[in-house]
Amino acid sequence: MTHLWIRAESRANEERVGITPEGVAKLIAKGFRVTLEDSPTRIMASEPFVDAGAELAPEGSWPEAPGDAIIFGLKELPEDDKPLIHRHIMFGHAYKGQEAGARLLARFAAGGGALYDLEYLIAQDGRRVAAFGYWAGYAGAAVSLLAWAAQQQGGTCPPVSTWPNSESLQAELKAALDRASDQRPTALVIGALGRVGTGARDLCKQMGVTTTDWDMAETASGGPFPQVLEHDLFFNCILATPGCPVFVPQSAKTDLRRLAVIGDIACDPQSEFSPVKVYDLETTWKTPVTRAYDAPPLDVMAIDNLPSLLPLESSQDFAEQLLPHLETLDDLDSGVWGRAFDTFNSHKPEV
């Protein structure tokens, strides 16, 4: 019997979950066994999962789970050096040379477990089967617009925290924009046709913000792109990869510009391929922007866990995308799971 163990998240400010009670009911109907760790912070209470047939376990008890259980979470495990004996489904952030990722892979190698990285669950055409990108774009655009509104009133973006739903976010943001100006800003979106860019554009449309939408065709020239400086906001919604053009060079700080806020939603400032060159560290919920230049001000929003600001809707959306693949966990050697395991095997260190 396939046993899925849904662990509680240990990262601060993480309320999301990758499956709904309805999804649990479907897995159990297929003959799966499902265990849910209790959690005081999960956006969905434990009771509906138990009502759907899940067994309840104490928070953080997954290390004592049966050896054949598949441990399912979203974000990273607590930091320690204990060997990992289980198969884990999560975002591992382990395959791009990250220091923490190397330690994680060493723990799997020591314990004989395996990582099925959610970022590397791909269909035969190479596209990811489940992602939080839409809500990253949506929340990232919202925080960036809050930063613009604060800047218009001589301040910087205040701390942010989770919104119960997108309607409450919209109400708060609309009020902030109305207080700041009787006119809405303009924005340029790079990667406008992807999941992230679509989320950013949808939020802007709801707020009455006009966007200039660029994707691969508009950026094929490789730059420079002076149009970026002609907008109030710039949203970077593309991953930093070799050959990626620079959209905001270091010189933008002192160039003549209208640009006031950069929403680096893709958020990879340490990468040499980053298309935004005016900052070098991620921002946080407590300090959502960094001021890259003072006069005129240029603020950068670069929060790396944006979907967590809307934990309910982002969880529901991601869970709907992932469920058809969770239903195939009884055949881990093929399909998306087989490809994810091959990726793990190609990166794990030799013992």
Side-chain angles (χ1 to χ4, degrees), residues 2-12 14 16 18 35 37 59-133 239-244 266-274 280-282 304-305 308 318 322 325-326 328-351:
T2 301
H3 184 184
L4 185 68
W5 185 291
I6 307 163
R7 63 175 170 85
E9 299 293 333
S10 57
R11 180 174 177 170
E14 188 53 79
R16 292 175 296 169
T35 299
E37 289 186 5
E59 179 181 6
S61 58
W62 60 265
E64 286 75 51
D68 63 351
I70 302 169
I71 313 301
F72 177 32
L74 294 177
K75 301 304 288 183
E76 61 268 25
L77 300 172
E79 282 277 352
D80 64 39
D81 296 322
K82 294 178 182 177
L84 295 170
I85 65 170
H86 295 95
R87 296 164 293 178
H88 283 257
I89 301 170
M90 64 178 179
F91 288 103
H93 305 294
Y95 300 152
K96 297 179 182 177
Q98 302 97 323
E99 184 179 342
R103 293 195 298 270
L104 178 67
L105 291 175
R107 294 175 65 189
F108 278 114
L115 171 63
Y116 294 82
D117 197 311
L118 288 164
E119 186 177 352
Y120 294 86
L121 288 189
I122 56 173
Q124 286 186 320
D125 62 3
R127 292 178 62 86
R128 289 175 61 182
V129 300
F132 284 100
L239 292 175
T241 56
C244 180
C267 187
D268 198 4
Q270 280 87 46
S271 171
E272 62 180 297
F273 310 116
S274 172
D280 57 10
L281 288 175
E282 295 86 353
D304 68 358
N305 59 337
S308 300
F318 184 83
L322 186 62
H325 307 286
L326 291 178
T328 68
L329 279 173
D330 52 356
D331 186 14
L332 270 176
D333 296 330
S334 63
V336 299
W337 304 110
R339 286 187 284 274
F341 184 71
D342 289 342
T343 302
F344 166 71
N345 266 336
S346 70
H347 287 86
K348 74 175 182 179
E350 296 296 330
V351 179

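Everything numeric here is computed off the predicted structure, so don't read it as measured data.
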For this session: Dump the intermediate steps for side chain to side chain contact (heavy atoms under 4.5 Å, CB included) on T35 and W62, then the final yes or no.
Result: CA-CA 10 Å; T35 299; W62 60 265; over 6 Å; no
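- Remark: the backbone N or O of G60 is paired with a side-chain donor or acceptor of E37 at under 3.5 angstrom.
- The closest side-chain heavy-atom distance from H93 to D117 is not below 4.5 Å.
- Nearest heavy atom pair, residue L77 against residue S10, reads C-OG, 4.3 Å.
- By the 4.5 Å heavy-atom criterion applied to side chains, C267 and E282 are counted as neighbours.
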For this session: Could you go through the side chain to side chain contact (heavy atoms under 4.5 Å, CB included) check for L74 and M90 one step at a time?
Result: CA-CA 5 Å; L74 294 177; M90 64 178 179; over 6 Å; no
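- Heavy-atom neighbours of L239 CG from other residues, nucleotides or ligands within 6.0 Å: at or below the threshold of 12.
- With hydrogens and angles disregarded, a donor-acceptor distance shorter than 3.5 Å links the side chain of R339 to the backbone of I122.
- Here the straight-line distance linking atom NZ of K82 with atom CZ of R107 works out to 8.5 Å at 0.5 Å rounding.
- A distance of 6.5 Å separates CZ of F344 from CG of L105, quoted to the nearest 0.5 Å.
- Rounded to the nearest 0.5 angstrom, L115 CG and T343 OG1 are separated by 9.5 Å.
- Relative ring orientation between F91 and F318 is described as tilted, the plane-to-plane angle lying within the 30° to 60° band.
- With hydrogens and angles ignored, the 3.5 Å screen pairs a side-chain donor or acceptor of H86 with a backbone N or O of P66.
- In this structure, the side chains of D268 and F273 stay at 4.5 Å or more apart for every pair of heavy atoms.
- The shortest distance between side-chain heavy atoms of P242 and C244 does not fall below 4.5 Å.
- A salt bridge links R11 with E76; the closest basic N to acidic carboxylate O contact falls under 4.0 Å.
- The aromatic rings of F108 and H88 lie perpendicular to each other, with more than 60° between the two planes, well past the 30° mark.
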For this session: Give the intermediate values and the outcome of side chain to side chain contact (heavy atoms under 4.5 Å, CB included) for residues L326 and W337.
Result: CA-CA 9 Å; L326 291 178; W337 304 110; 4.1 Å; yes
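- The environment of D81 atom CG is sparse: at most 12 non-hydrogen atoms of other residues, nucleotides or ligands sit within 6.0 angstrom.
- Side-chain N or O atoms of D330 include none that pairs as donor or acceptor with a backbone N or O of T2 at under 3.5 Å.
- Ion pair E59/R7 not flagged as a salt bridge, since none of the NZ, NE, NH1 or NH2 atoms sits closer than 4.0 Å to an Asp/Glu carboxylate oxygen.
- Using a 4.5 Å cut-off on side-chain heavy atoms (C-beta onward), V336 and Y116 make no contact.
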For this session: Determine, step by step, whether I71 and L4 satisfy the side chain to side chain contact (heavy atoms under 4.5 Å, CB included) criterion, reporting the C-alpha distance in whole Å, the side-chain angles of both residues, the deciding distance to 0.1 Å, and the verdict.
Result: CA-CA 6 Å; I71 313 301; L4 185 68; over 6 Å; no
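- At least one cation-pi condition fails for R87 and F72: the charged atom is not both under 6.0 angstrom from the six-membered ring centre and inside a 45 degree cone around its axis.
- For E9 (side chain) and K75 (main-chain N/O), a donor-acceptor pair under 3.5 Å exists by modelled atom type.
- Between the side chain of T328 and the backbone N or O of H325 there is at least one donor-acceptor pair closer than 3.5 Å.
- S308 has its side chain out of reach of F132: every pair of non-hydrogen atoms, C-beta onward, lies at least 4.5 Å apart.
- Proximity of a side-chain donor or acceptor of Q270 to a complementary backbone N or O of E272 within less than 3.5 Å is not detected.
- When only modelled atom types and interatomic distance are considered, D331 and S334 share a side-chain donor-acceptor pair under 3.5 Å.
- For Y95 and Y120, the gap between ring centers is short of 6.0 Å.
- The heavy-atom pair separating S61 from W5 by the smallest distance is OG-CZ2, 3.4 Å.
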